[in-house]
2 protein chains.
Amino acid sequence: MGQTAHEHGTTAVFASVEKACRERGLRLTPLRRQVLELILQAGGPVKAYDLLDSLKTSHHSAAPPTVYRALDFLLENHFIHRLETRNAYVSCFHPEASHSGQFLICEQCDQVTEINAPEMTQGVLKAAAEQGFKPSKEVVEVYGTCRKCIE
Amino acid sequence: MGQTAHEHGTTAVFASVEKACRERGLRLTPLRRQVLELILQAGGPVKAYDLLDSLKTSHHSAAPPTVYRALDFLLENHFIHRLETRNAYVSCFHPEASHSGQFLICEQCDQVTEINAPEMTQGVLKAAAEQGFKPSKEVVEVYGTCRKCIE
DNA sequence: TTTAGACCGCTATATTCTAGCATTCAGAGC
DNA sequence: GCTCTGAATGCTAGAATATAGCGGTCTAAA
């Protein structure tokens, strides 16, 4: 359960994003495609201004809005996630499903693993219900040490 | 369970922070005290630059580091929390206990409720264990609609 | 082929936070 | 009390992150 886009195969993710765009009538323009590629290639969290620097090498006119607009598109359509605690962006390994992201972030190696923990979601729902609160989106980012860095 | 510092009584929180400082040998300087007061009075999430503006009225020399250093002190000692998704700061309703913050954030009225949901923490621990991940800190921020705004 | 809306180029600027260094202050040890 | 050390603050500058706004261009649908 816990997988990175990298492990999942960037080409597979790419194909599934393209499929989703066709189905939902979304325009995966060259710019958006390139930003998504950069995030997939990174295999981990990327900062907006690093993306901008990368873009600039092939796209002289790139400016902050260039990147942020592409990121907005990818975020809105759940093709990537934003790591709120890091101001960074990561690819999403199952772009078909609409979901909130839950992440394990290693403080030693910065590796990020997206998880899907129904118990956690249940806990959120239960706690929210006790407060009469109707949840729409949850942000879960857990810091710690990953398996590799423990060994 | 689920309480805001405001409901809990700002003076009570204040007293408990003062007690904690005495016990741990921390210096609750006038500046830090004032920043804490401002956050308590706000009764909800406050932005650093709003604190700065408030400070400036009584403290002409206040600059960004003035606020951020006070916030750092308060955060380190768990007297306040930072809402990662909002770049905002909220008071902590039980400063004695060391804990990670879990928050319900209303998208209509911006009210923030700190909760303590063991099931959620259990869910995090279980999911982490499956990955061989050793968690040290969790950030949970749930967006939605609060009871009042549903009515 | 026209046209509305989406997309992009571009400049500027807002917002959030940190670095770095000088000065002042509080408390520990004498 | 006096000195000394580390903590706290004053202050300037600037880094890092993100958005506003406007005009031009492209796309897809009527």
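Lettering of chains follows the sequences in order, A, B, ..., and the numbering in each one begins at 1.
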Touch class at under 4.0 angstrom, heavy-atom based, for A:Arg86 against every strand present: nothing
No-H, no-angle donor-acceptor pair, B:Tyr49 side chain to C:dA14 base, under 3.5 Å: no
Selected nucleotide, minimal atom distance to B:His59 side chain, candidates D:dG10, D:dA8, C:dC17: D:dG10
Minimum-distance nucleotide (side-chain atoms of A:Arg82 versus D:dA18, C:dC17, D:dG10): D:dA18
Separation of atom CG in A:Leu55 from atom P in C:dC10, rounded to whole Å: 13 Å
Interatomic distance, A:Phe73 CZ vs C:dC8 C1' [rounded to whole Å]: 14 Å
Options C:dC17, C:dC8, C:dT11, nucleotide nearest the side-chain atoms of A:Thr29: C:dC8
Length of the line joining B:Arg27:CZ and D:dT9:P, which is rounded to integer Å: 7 Å
Touch class at under 4.0 angstrom, heavy-atom based, for B:Arg32 against every strand present: sugar-phosphate
A:Arg69 (side chain) and C:dG9 (base): donor-acceptor pair under 3.5 Å: yes
A:Glu141 side-chain N/O to A:Thr85 backbone N/O, donor-acceptor pair under 3.5 Å: yes
Below 4.0 Å: OP1/OP2 of D:dT9 and any side-chain N or O of B:Ser61: no
Aromatic-base stack, B:Tyr68 on C:dT18, cutoff 5.5 Å, angle under 30: no
Candidate pair B:Gln131 and A:Thr113, rule side chain to side chain donor-acceptor pair (under 3.5 Å), full reasoning: CA-CA 9 Å; B:Gln131 305 292 321; A:Thr113 304; 5.3 Å; no
Nucleotide C:dC17, atom P - distance to CG of B:Leu75 in whole Å: 10 Å
Rounded distance in Å - CG (B:Leu28) to C1' (C:dC25): 16 Å
Any A:Thr66 side-chain nitrogen or oxygen under 4.0 Å from OP1 or OP2 of C:dC10: no
Euclidean distance, atom CG of residue A:Asp72 to atom C1' of D:dA20 [Å, nearest integer]: 13 Å
Any A:Lys148 side-chain heavy atom under 4.5 Å of A:Cys106 side chain: no
Sugar-phosphate only, base, or nothing, as touched by A:Tyr89 at under 4.0 Å among non-hydrogen atoms: sugar-phosphate
Check: A:Leu75 main-chain N/O paired with A:Arg82 side-chain donor or acceptor under 3.5 Å: no
Residue whose closest nucleotide on DNA chain C lies nearer the 5' end, A:Pro30 versus B:Asn87: A:Pro30
For atom CD of B:Glu84 and atom C1' of D:dT17, their distance in whole Å: 14 Å
Residue whose closest nucleotide on DNA chain C lies nearer the 5' end, B:Pro65 versus B:Lys47: B:Lys47
N or O in side chain of B:Arg33 less than 4.0 angstrom from D:dA8 OP1/OP2: no
Any donor-acceptor pair under 3.5 Å from A:Glu119 side chain to B:Lys126 backbone: no
Pairwise distance CG(A:Leu104) to NZ(B:Lys134) - rounded to 0.5 angstrom: 13.5 Å
Gap between atoms CG and C1', on A:Leu71 and C:dC8 respectively (whole Å): 15 Å
